[in-house]
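Here the structure is laid out as structure tokens; the discussion comes afterwards.
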Amino acid sequence: MSAAPATSPSRSRDGTAASLLNDEERARIRAKSAQFAPPPAALPDGRRDLVGLSREELTDIMVEIGEKPFRTKQLWHWIYHQGATDFSRMSSIARPLQEKLAERFVIGRPGVVTEQTSQDSTRKFLFRFRDGQEAETVYIPDRQEDRGAVCISSQVGCTLSCTFCHTGTQALVRNLGAAEIVGQFMAARDSYGEWPSPKGETPRLLSTIVLMGMGEPLYNYDNVAKAMRIIMDGEGIGLSRRRITLSTSGVVPMMDQCGAELGINLAVSLHAVRDDLRDEIVPLNRKYPIREVIAACRRYPAASNARRITFEYIMLRGINDSEADARELVRLISGIPAKVNLIPFNPWPGSSYRPSTREQLDRFAKIVMDAGFASPIRMPRGRDILAACGQLRTESQRLRRAAGQPDAAPEAEDAGT
């Protein structure tokens, strides 16, 4: 049997080649991601933040200070079920140990710089982390029920430079650590007073998480995965994997790993059905073109009729919103358990794009729906406070340059930006 021809890992055209070469590609992604690693989760006085540690790490720390491993379960309950930030409030722990813990550790939250509430009740937080960097988080309440989604950021800035996205105008500053990712959700729950964590079928006001804030979560996969495992732990926050959705622009090797390891819901920022156009508006497409992204969706193990992959499609007037585009979208996703979120473009300062007309939105949606795919038009939420899709941004770029951190984003060269 002759040897198979060599295939580039980023341009492989079938699932077999992709699976064989993914380890190499993941290693490359991780190596570049490491250049933008978050700072250690510690205070200047040396105390360490317990938020963001895995159970194993927390156990190791307890053993290091001469405590029994069972302390992990106690601390986990107080931190993630009760939402405690003060060791002195941990009534099941004796006072001498409370004092010992307070000398060595903290239970942190990101600092709230601003907290704005939109006319439609959407709430946006600007969080500042210990090194002065900032990221935005949005809570989007349901219009009918007492529940809603927390839109969490995974990076300060973004590496992808999608041309329709305000966040994409802010170069990547750094990745967020697991503590900073979990901390956004915990701080949002502080704001709404939703502690202790609701159990079982008890309704949750902050009922879902969408990793759709600043950044590309799959370029910070290790920190994101660690944070989501903490959030899904049944003895703490206890949010089901069915209640968590990760949105990606199509980092194919990490999509496979996310599906295999986390099994959370997947949303794909597609936004175009032709490579030439997607190359322009989503530059990552130059590395992972549409065909490879769709193939990864077909492989995604958590996808089913009950848990459909969401294809996000921002509607740009005269650019990607024709009836021909709608028909090609239907062809691309045929056979995938999927729904399509049609997103009217949300204007932001300096953008030249215009949102599609309502008539064109309706025509596009009808073609997709007639093909058997749900295609809701996502009505903008929080526009008046720049909290809508594609509007998040901070001024952290200035701080990055002042600190002398590297300017290049980890995937900028490969993505063709």
Side-chain angles (χ1 to χ4, degrees), residues 7 9-30 32-33 54 149 151-152 154-155 159-160 175 178 181-182 208-213 215-234 238-271 282 284-285 287-313 332-341 373-374 411:
T7 309
S10 65
R11 291 286 169 180
S12 58
R13 293 299 181 181
D14 61 86
T16 302
S19 63
L20 291 173
L21 295 164
N22 266 349
D23 286 346
E24 177 184 337
E25 186 82 341
R26 289 184 194 117
R28 185 190 63 81
I29 290 170
R30 282 193 166 96
K32 290 197 171 184
S33 179
S54 68
C151 181
I152 287 178
S154 56
Q155 297 178 309
T159 184
L160 298 183
N175 291 328
I181 296 168
V182 174
T208 59
I209 286 175
V210 290
L211 287 153
M212 297 182 183
E216 166 53 66
L218 292 185
Y219 278 148
N220 186 23
Y221 176 76
D222 291 334
N223 286 308
V224 166
K226 186 177 183 182
M228 292 306 104
R229 289 188 182 104
I230 291 170
I231 284 171
M232 291 188 291
D233 188 292
L239 201 62
S240 164
R241 69 186 70 243
R242 295 174 178 270
R243 298 285 185 181
I244 300 172
T245 299
L246 181 145
S247 176
T248 178
S249 290
V251 185
V252 170
M254 308 312 293
M255 290 168 66
D256 291 329
Q257 185 165 357
C258 179
E261 294 182 352
L262 297 180
I264 57 181
N265 300 321
L266 183 69
V268 176
S269 296
L270 191 61
H271 306 312
V282 184
L284 182 65
N285 195 72
K287 180 157 192 63
Y288 304 112
I290 292 171
R291 181 175 176 179
E292 293 182 13
V293 173
I294 297 297
C297 291
R298 295 187 188 281
R299 296 192 298 269
Y300 197 73
S304 67
N305 285 329
R307 298 176 63 194
R308 300 183 179 195
I309 291 176
T310 300
F311 288 95
E312 298 165 312
Y313 197 95
L332 282 173
I333 66 175
S334 177
I336 298 175
K339 68 175 182 178
V340 179
N341 269 352
F373 296 97
E411 289 298 312

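- Annotation: side chain of Ile333 is in contact with side chain of Val340 (closest heavy-atom distance under 4.5 Å).
- Residues Leu284 and Val251 come closest through the heavy atom pair CD2-CG2, 3.9 Å.
- Residues Glu312 and Ser247 come closest through the heavy atom pair OE1-OG, 2.8 Å.
- Contact check for Leu160 versus Val282: no side-chain heavy atoms found under the 4.5 Å cut-off.
- The CE atom of Met212 lies 8.5 Å from the CG atom of Leu246; values are rounded to the nearest 0.5 Å.
- A donor-acceptor distance shorter than 3.5 angstrom exists from the side chain of Asn175 to the backbone of Ser33, with no hydrogens or angles considered.
- Judged by distance alone, the side chains of Glu216 and Ser154 never bring a donor and an acceptor atom under 3.5 Å apart.
- A donor atom on one side chain and an acceptor atom on the other are not found under 3.5 Å apart for Thr310 and Asn265.
- Of the possible polar contacts, none joining the Arg299 side chain to the Asp256 backbone as a donor-acceptor pair under 3.5 Å is found.
- Between Thr159 and Tyr219, the shortest heavy-atom contact is CG2-CD1, 3.4 Å.
- The minimum heavy-atom distance between Gly263 and Arg241, with the atom names listed, is O-CD, 3.7 Å.
- Here the straight-line distance linking atom CZ of Arg243 with atom CD1 of Ile231 works out to 14.5 Å at 0.5 Å rounding.
- Expressed to the nearest 0.5 Å, how far CE of Met254 lies from CZ of Arg30 amounts to 4.5 Å.
- The number of heavy-atom neighbours closer than 6.0 Å to CZ of Arg242, taken from other residues, nucleotides and ligands shown, is 12 or below.
- With a 4.5 Å cut-off on side-chain heavy atoms, Thr245 and Thr208 do not count as touching.
- Considering only heavy atoms from C-beta on, Pro253 stays 4.5 Å or farther from Glu24 through its side chain.
- For the pair Tyr221 and Glu261, the minimum side-chain heavy-atom distance is below 4.5 Å.
- Here the straight-line distance linking atom CG of Asp23 with atom CZ of Arg28 works out to 13.5 Å at 0.5 Å rounding.
- Distance check, rounded to the nearest 0.5 Å: CG of Leu211 to CG of Asn220 gives 10.0 Å.
- Smallest separation of non-hydrogen atoms from Ser269 and Ser249: CB-OG, 4.0 Å.
- Between atom CG of residue Leu270 and atom CD1 of residue Ile294 there is a gap of 5.5 Å, rounded to the nearest 0.5 Å.
- Side-chain atoms of Met255 and Val268, non-hydrogen and from C-beta on, do get closer than 4.5 Å to each other.
- In this structure the side chain of Arg229 never reaches within 4.5 angstrom of the side chain of Asp233, judged on heavy atoms.
- Residues Ile336 and Phe311 meet the side-chain proximity criterion, which asks for heavy atoms closer than 4.5 Å.
- Scanning all heavy atoms of the two residues, the minimum distance from Ala178 to Ala227 falls at O-CB, 3.9 Å.
- Of the possible donor and acceptor atoms, none in the side chain of Arg308 sits under 3.5 Å from a partner among the backbone N and O of Phe373.
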